[in-house]
Amino acid sequence: MKHKIMFLYIRNVILRIINIFVQENYKADMGNEYFKFKQFIIKQEKCGMKVGTDGVLLGAWTDTREASNIADIGTGTGLIAIMLAQKCGANITGIEINEDAAIQAKENMDNTLWHDRLNAVKADINDYYLYNESKFDLIVSNPPFFIEDVKGYSEKRNMARHTDSFDFTSLVKAVSYMLTSDGRFCVILPATCSTDFIGEAIKTGLVLTKRTEIITKPGVKPKRILMEFCKGHKNAPTEFSQLLLSANGEKTDEYIELTKDYYL
């Protein structure tokens, strides 16, 4: 009798754990259906990756000076492309391999004030750059970066987050080919893999010109690195900086200033 009671108890505990795991993964995958910014709304129920700090940081940090034709590789919801459209007059193309995400990106773009300068294309970047003759003076990307073997249950989310569907070598090769002779490339990555990425970029003729370390709170190591590369500037110096996101539980003035045109 005691063994039967113990068996039932253990079974119930296991079932509770499984139920919690499924619910949390469902929440992580579903997220909020939309995210509201000052001048636009991002719907995201069709996308594997939802609006996050990385995308907002890259969009706000990227310098769009003199840019007239911009590409956003792996545009997802279209967030970064739309952020750039808000602060410059360039034509912007979002390139996305996932069909549902590409459709949602186009919907989000069409609902902005800058819809006539925004476009979303459903394409694998490995094919796109070989068969499309367009050249871009600025390219941005918030690429997949998780290289671990463990994945979640959502294929959309896996594709958006893991590098086995699109590695760094493929990305920098495509970027170098798509850029104009003096074009720029801006990207955000975890600090742990930034050195490897820089090495791959150098092989394709891209030179690191700007590097900003993102620190979430005082006393911890940088979590993300924002980087700008230039093509055709072999001796260009690299500008180094740091951005602290929070201190004493509050957003820093620097973070607020960077994102003030977007966050409510």
Side-chain angles (χ1 to χ4, degrees), residues 42 46-49 55 58-59 62-112 114-145 156 159-189 197 200-207 209 227-233:
I42 296 294
K46 298 176 185 177
C47 297
M49 284 303 297
L58 180 59
T62 296
D63 185 352
T64 56
R65 70 184 188 277
E66 300 179 2
S68 60
N69 198 22
I70 301 174
D72 176 14
I73 298 177
T75 196
T77 62
L79 169 65
I80 298 170
I82 293 171
M83 290 179 70
L84 299 185
Q86 178 179 320
K87 64 178 176 179
C88 75
N91 293 314
I92 305 173
T93 301
I95 304 165
E96 173 59 47
I97 190 173
N98 180 270
E99 185 172 4
D100 288 339
I103 291 171
Q104 184 129 75
K106 185 66 168 61
E107 292 172 350
N108 286 329
M109 292 173 179
D110 287 346
N111 287 324
T112 70
W114 319 283
H115 59 87
D116 57 330
R117 296 187 287 107
L118 287 161
N119 187 37
V121 177
K122 192 276 178 186
D124 184 331
I125 193 63
N126 293 303
D127 297 325
Y128 182 88
Y129 86 90
L130 291 176
Y131 300 106
N132 192 292
E133 297 181 356
S134 298
K135 292 292 183 180
F136 301 89
D137 41 31
L138 175 62
I139 297 175
V140 295
S141 185
N142 177 16
F145 51 77
K156 289 181 184 178
M159 183 180 294
R161 295 177 71 92
H162 289 264
T163 61
D164 54 5
S165 60
F166 184 51
D167 58 46
F168 292 158
T169 302
S170 299
L171 176 57
V172 295
K173 184 178 179 181
V175 166
S176 182
Y177 188 90
M178 293 166 61
L179 280 175
T180 57
S181 59
D182 59 349
R184 294 178 295 119
F185 170 49
C186 295
V187 63
I188 186 168
L189 286 171
F197 188 87
E200 292 298 325
I202 291 172
K203 294 176 184 178
T204 66
L206 298 176
V207 177
T209 53
M227 295 178 284
E228 178 189 88
F229 296 86
C230 284
K231 186 177 179 181
H233 295 266

Value for CD1 (Ile92) from CD (Gln86), rounded to nearest 0.5 Å, stands at 10.5 Å

Nearest atoms (heavy-atom pairs only) where Pro144 meets Phe168: O-CE2, 3.6 Å

Using modelled atom types only, decide if a donor and an acceptor are shared between the side chain of Thr64 and the backbone of Ala67 within a distance under 3.5 Å. no

Nearest atoms (heavy-atom pairs only) where Val187 meets Pro143: CG2-CD, 3.6 Å

So CG of Leu79 and CE of Met109: to nearest 0.5 Å the spacing works out to 10.0 Å

Minimum heavy-atom distance Ala105-Gly78, with the two atoms named: CB-N, 3.9 Å

Heavy-atom donor-acceptor pair, Thr209 side chain to Glu228 backbone, under 3.5 Å: yes

Whether the side chain of Arg184 engages the backbone of Thr62 through a donor-acceptor N/O pair (distance < 3.5 Å, no angle test) should be reported. no

Sequence neighbours excluded, the answer for side chain to side chain donor-acceptor pair (under 3.5 Å) partners of Glu107 is Lys46

Just one of Thr77, Thr112, Asn111 clears the side-chain contact (heavy atoms from CB on, under 4.5 Å) bar with Ile82, so which one? Thr112

Nearest 0.5 Å please: distance from the NZ atom of Lys231 over to the CE atom of Met178. 10.5 Å

Hey, which of Val175, Asn142, Ile97, Val140 is the one that makes side-chain contact (heavy atoms from CB on, under 4.5 Å) with Ile73? Val175

Glu96 versus Ala102, closest heavy-atom pair with distance: CG-N, 3.6 Å

Please find the pair of heavy atoms, one from Ala81 and one from Asp72, that lie closest to each other, and give the distance. N-OD2, 3.5 Å

Beyond-backbone contact of Leu179 with Cys230, side-chain heavy atoms, under 4.5 angstrom: no

Around atom NZ of Lys173, are there more than 12 heavy atoms of other residues, nucleotides or ligands at under 6.0 Å? no

With Lys135 as the cation and Tyr177 as the aromatic partner, state whether NZ or CZ is under 6.0 Å from the six-membered ring centre and within 45° of the axis. yes

Value for CD1 (Ile125) from CD1 (Ile95), rounded to nearest 0.5 Å, stands at 4.0 Å

Once you round to the nearest 0.5 Å, how far does CG of Leu58 lie from SG of Cys186? 6.5 Å

May I ask you to decide if the ring planes of Phe185 and Phe197 are parallel, tilted or perpendicular, using 30° and 60° as cut-offs? tilted

Within the 4.5 Å heavy-atom criterion, are Asn91 and Ser68 side-chain neighbours or not? no

Does a side chain donor of either Asp100 or Asn98 reach within less than 3.5 Å of an acceptor in the other side chain? no

Ring pair (Phe, Tyr, Trp, His ring centres under 6.0 Å) partners for Tyr128, two or more places apart: none

From Ser141 OG over to Leu189 CG, what is the distance, rounded to the nearest 0.5 angstrom? 8.0 Å

Under 3.5 Å: donor-acceptor pair, side chain of Asp137, backbone of Asn69: yes

Using the side-chain contact (heavy atoms from CB on, under 4.5 Å) definition, which of the options Ile139, Val121, Thr75 pairs with Thr93? Val121

Met83 to Gly55 - nearest heavy-atom pair and separation: SD-O, 4.1 Å

